[in-house]
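In what follows, a single structure is set out as structure tokens and then discussed.
Here is the naming used below: chain letters follow the sequence lines, and residue numbers restart at 1 for every chain. What's counted below: heavy atoms across the whole structure, side chains too, no hydrogens, waters or symmetry copies.
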Amino acid sequence: MIRNQIPIALTRFPPCEKKSLLHLKTLHRQSHFSAPELCQATNLNLLPVKTIQSPSYASILQGLKALKPLQQVHTRIITSGLAQNIFLSNRLMNSYASCGVLTVAEVIFQSMPSKNVVSWTILISGFSKHEHYLEALEIFRKMMISGVLPSAVTLASVFPAFVHLGMIKIGRSLHGFLIRYGLEINLFVETSLIDLYSKFGSIGVARKQFDMMVEKNMVSWNAIISGYSYNRFGKEAVQLFRMMQRRGLMADSITIMSLLAACMVMVCQQIVGLIHNLIVKNGFSNDMLVNTALMENYLKHRCINDAYQIFREELPVKDVVAWTSMLVGLSDAGYGKQAVRIFDEMTGTSNIMLDHVAFMCMLSCCSRSGALQRGKLVHSITIKTSFGDDALVGSATIDMYSNCGDLESAEKLFDILEEKDVVCWNAMIAGYGMQGRGDDAVALFFQMKCLGVLPDEATLVSILCACSHAGMVDQGIKIFDLTVKESCLVPTLQHYACLVDLLGRAGRLYDAYSLIHNMPLEPDAGIYGVMLGACKVRKNFELGTIISQKLFELDPDDAGYYVLLSNMYAAAGNWEGVKVTRVSMKSKGLKKIPGLSTIEIGREVHTFMAGDTDHPEYPRIIEALKRLITKIEAAGYMLDTRLVFQDLPDDAKREIILHHSEKLAIAFGIMNTKPGTTIRIIKNLRICDDCHIASKFISKVEGREIIMKDANRFHIFKDGICSCKDYW
DNA sequence: TTAGGGTTAG
């Protein structure tokens, strides 16, 4: 209604521009007129230059957010000789900054004969809002040097920059500055401080700040709720939300996003449903961001149908984040096949603007599932879209090749990648490590250090694992000591677990045991688990029994440790021990994780489980496997029934061993690939001893290279020999 | 001033 009055208003106030513009300004506030429309309506170019005074320009500029009319007004201001006006220059800068044209804003700033605190603040806020944090801080620094006292608004504008750059000390000292100058009583500044402290992990200080605030608005409530979510205090975030509701405030989309982030760190599916109701009730069902976050929650809680419902129906327009979230969510929740479908849609259509995060996630999915062909496809797309030069995407690609066992491609890429970050080096070191190439891993580690790249926690894990798999005990210990001494790296439990593994695997069980007792950290179940594994490999059943007792005290609900102990008893022929362990496992309702082997044939990923007859080609696979076993038996393979850790008749044991998932996958691979083709298999657990022996024979009689990745490392079987040299 | 997807090991 009001919109229609504008042309009439113009005809009514033709020459008296000041009055008309003031009237237009009022109309503009009421009518939400867009800036270009308003500018056109004022018909600037038809009015004589001198008739427009600076307050009118200031009014026009206030609502101006489109570049073209802004440039027109700017030209007019210059020709009117008003360019030196500090008030108008500030407004101009503000408008250019809002349009994202920071360079012009900066030029105006530089050309101003005198600047006030508002001029500085506008420029700082402009850079900060457009995520140019370093530039924002540099201008702030110059402002302080020139002796201009920042206002509360200036500080509220620089705080986000400190937060994003993780500059905790300066942020805190500025808080002190605020108090000294009595600037802290400002809603904006106080809210910025809540965000600053919670992002720096001081949620208690943030909460104090929040409680102290006399005036609170929606944004302050959102800041503290998101602060709790960010610090993984899901329950507290929800509690504060309830408090907010009791004060009569309605949740906006930001509140809901923060609550959904809180649910991601809680194991409480019910709350997700409640928030879903809130979304519908408060009218956010069409919000893409809210829907994406809700979908992630359903995936996290494995409510896959609800997630699909949102993805397919509530998100008619999906951006790259929605696609990436769906892919990662499905993959993390263990829905591999569904994840592959999303993956294919992402690579198969040009409608999705893939970005570097999407590529990284896609490569990570391929890496985890060993899908080399799909990984190669993503690599080729990154090259075509010039994302290949990105250090982060490059790292993810190297990791994908390393994890899929294609070290040659990993090396090639590693050599040509110009910007190598620490993750790149880690991925390559881990790649060598997983294939037992300890010398190469160590050489690369020292090369990295020579080039000045600082090793991080993951580097140390990777290099220690590499030494462990290669049996390089002394070298590993030396690197551990050196790294801890030279860098500020504080070793974690994971690092000690690697050391225990390094010693234990090499048979130095008592050194490993003494390390557990003497290390500066309290040992956890993970460390004892590694130790138990070493006892099993080294057949030290006495020590193994002691360790397992400790383990069951610390983590009584992990089925893996029971299986390990039971297998150890079985290997020693202690069937009573096996029985007791199995019964105790059953009484706790614990189930062994089934062994799974996957193989990629063409673009299909096939998964096999021992004794699982679901595969459509199962009868053919079994026939092929039988023929294969006869062939390797003729070559000297002898099936060892002692490896079945259950008290069963020999025939039954033979059946079990013959139907292990690794063997099914190998037989299927041979059936479906041309002679001579390399067979790549991924197993989720440690490869079984019999399958290890059988694979060596198969590689020889079939003339095939078999690359098998198990939970620990790669085994490359060729001509009857395994790359691990039977040390794993 | 508050809010979405993030590569490395095990």
Side-chain angles (χ1 to χ4, degrees), chain A residues 125 128-129 152-153 155-160 163 186-196 198-199 217-227 229-230 251-262 264 287-297 299 318-329 355-365 367-368 390-400 402-403 421-431 433-434 455-466 468 492-495 497-498 501 526 529-530 711-713:
Chain A
S125 149
S128 184
K129 273 184 192 153
V153 183
L155 293 168
S157 305
V158 282
F159 277 134
V163 172
N186 171 301
L187 185 59
F188 278 54
V189 176
E190 286 174 302
T191 307
S192 297
L193 281 171
I194 295 175
D195 186 47
L196 182 121
S198 48
K199 291 274 166 58
N217 66 2
M218 197 63 208
V219 181
S220 4
W221 280 95
N222 284 347
I224 190 72
I225 293 172
S226 96
S229 299
Y230 187 85
D252 67 4
S253 70
I254 298 180
T255 326
I256 289 172
M257 300 281 286
S258 304
L259 284 173
L260 286 169
M264 290 294 278
D287 189 312
M288 183 165 64
L289 270 67
V290 167
N291 275 322
T292 308
L294 181 63
M295 184 188 82
E296 277 173 25
N297 264 284
L299 287 166
K318 291 180 259 289
D319 65 0
V320 66
V321 179
W323 281 97
T324 311
S325 297
M326 191 66 182
L327 176 72
V328 173
D355 61 8
H356 76 284
V357 180
F359 283 124
M360 271 155 54
C361 294
M362 291 164 87
L363 288 161
S364 167
C365 285
S367 167
R368 279 184 284 175
D390 183 294
L392 297 171
V393 175
S395 308
T397 315
I398 290 171
D399 168 69
M400 180 276 295
S402 288
N403 260 309
D421 64 358
V422 67
V423 181
C424 263
W425 290 88
N426 292 354
M428 202 63 230
I429 291 171
M434 280 185 288
D456 67 2
E457 289 188 3
T459 321
L460 191 54
V461 173
S462 302
I463 191 71
L464 290 176
C465 284
S468 180
T492 63
L493 277 170
Q494 283 175 339
H495 297 122
C498 291
D501 186 59
V530 170
N712 293 326
R713 57 168 294 154

Checking all strands, does [X] fall into the base, sugar-phosphate, or nothing category for heavy-atom contacts under 4.0 angstrom?
X      : result
A:D252 : nothing
A:S226 : sugar-phosphate
A:D355 : base
A:S364 : sugar-phosphate
A:E457 : nothing
A:A430 : sugar-phosphate
A:A156 : sugar-phosphate
A:N297 : nothing
A:A391 : nothing
A:K318 : nothing
A:V422 : nothing

Check: A:V393 main-chain N/O paired with A:H356 side-chain donor or acceptor under 3.5 Å: no
A:N297 side chain vs A:L260 backbone, donor-acceptor pair below 3.5 Å: yes
5' to 3' contact window, DNA chain B with chain A (heavy-atom distance under 4.0 Å): B:dT1 to B:dG10
Pairwise side-chain contact, [X] with [Y], heavy-atom cut-off 4.5 Å (strictly under):
X      : Y      : value
A:S364 : A:R368 : yes
A:F359 : A:T397 : no
A:E296 : A:V328 : no

For the student: nearest non-hydrogen atoms of A:T459 and A:N426, plus distance: OG1-OD1, 2.7 Å
Heavy-atom closest pair, residues A:T191 and A:V219: CG2-CG1, 3.8 Å
